[in-house]
Amino acid sequence: MLIQIAEGVLVHQSSFMQTNAVVVQGRAGVLLIDAGVRGDEMTCLANDLRELGQTVVAGFSTHPHWDHLLWHASLGTAPRYGTARCAATVRDRLPDAAAKARVAGLIPPDIVEQVPLDLLGLITGLPADTARIPWDGPQVRIVEHQAHAPGHASLLIEERGVLVAGDMLSDVLIPLLDLNGTADPIEDHLAALRLIEGAAGDVDVVVPGHGSVGGADQVRARIDQDRAYLLALLDADVLSDPRLGPSAAFGDWLPGVHKRQLQHLARGRDRDGTP
Ligand SMILES: [Zn+2]
């Protein structure tokens, strides 16, 4: 089911990890951001679009994680984009069919059969520092940063007052650090929050990659909440984050991820001698 969140901007949410696909209406069709996860859900989205008389004219993946790189044949053959670093990472990590089998190993067993991998990661990298997604519709500004995954981009649709955050600013997930390939993942993530705050601190609606769509007050609240989590990690402080509570949406596994992030950072401190 497509839900309108702003004029000409709609969201289709997956039952898998509250993953949000975002549809932006353009002049000759729609831009589809992070298409979805399960095959039947993407088919449902394609049907909803058909009923609205819309076709997909462009796609965009916010970052190179499998759940943001999927596509379904029913959505058509529009060009699909990502940042240059996102596309380069996909090329590195998904060079061949064997890599797809490895991806299948990352998908929870209860849904792996329902996730179509044929069109996984078929994106074109936009030249580095491209400011906007090339398409015929409202301007979509690319706010690229170094956090969560290489080449991660949040997208700002200024005319509609909408921030499509990618895997940032979730109400159900703590900041998931990019622990590979960056020397200072916490400072990188803090810098990304500053960048987003500067570019999109006054939007009306924020759509996270996973979780619920938030209003204007939520943009500030989620930036603050993520910053508090990161600063607590930095100081190895005691943390009370509602997203890690036993009754939280992902309270059964997220505390384990938090623990691994803490351990990884502690190992880094041991290595370089910082207190
Ligand atoms: Zn991700």
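Counting convention: from 1, in listed order, for ligands and their atoms alike.
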| request: Kindly give the atom name of the N, O or S atom of Asp167 closest to the Zn ion (ligand 1). | output: OD2

| request: Fit a plane to each ring of Trp253 and Phe250, take the angle between them on a 0 to 90° scale, and name the class: parallel (under 30°), tilted (30 to 60°) or perpendicular (over 60°). | output: tilted

| field | Distance flag, aromatic centroids of His210 and His68, threshold under 6.0 Å | value | yes

| said: To make sure I understand the geometry: which N, O or S atom in His63 is closest to the Zn ion (ligand 1)? | reply: NE2

| Just by distance, do the side chain of Glu144 and the backbone of Thr83 share a donor-acceptor pair under 3.5 Å? | no

| Atom name, His148 (N, O or S, nearest to the Zn ion (ligand 1)) | NE2

| query | Considering only N, O or S atoms, which atom of His65 is nearest to the Zn ion (ligand 1)? | reply | ND1

| Looking at Glu41 and Phe16, what are the two nearest heavy atoms and their distance? | OE2-N, 4.5 Å

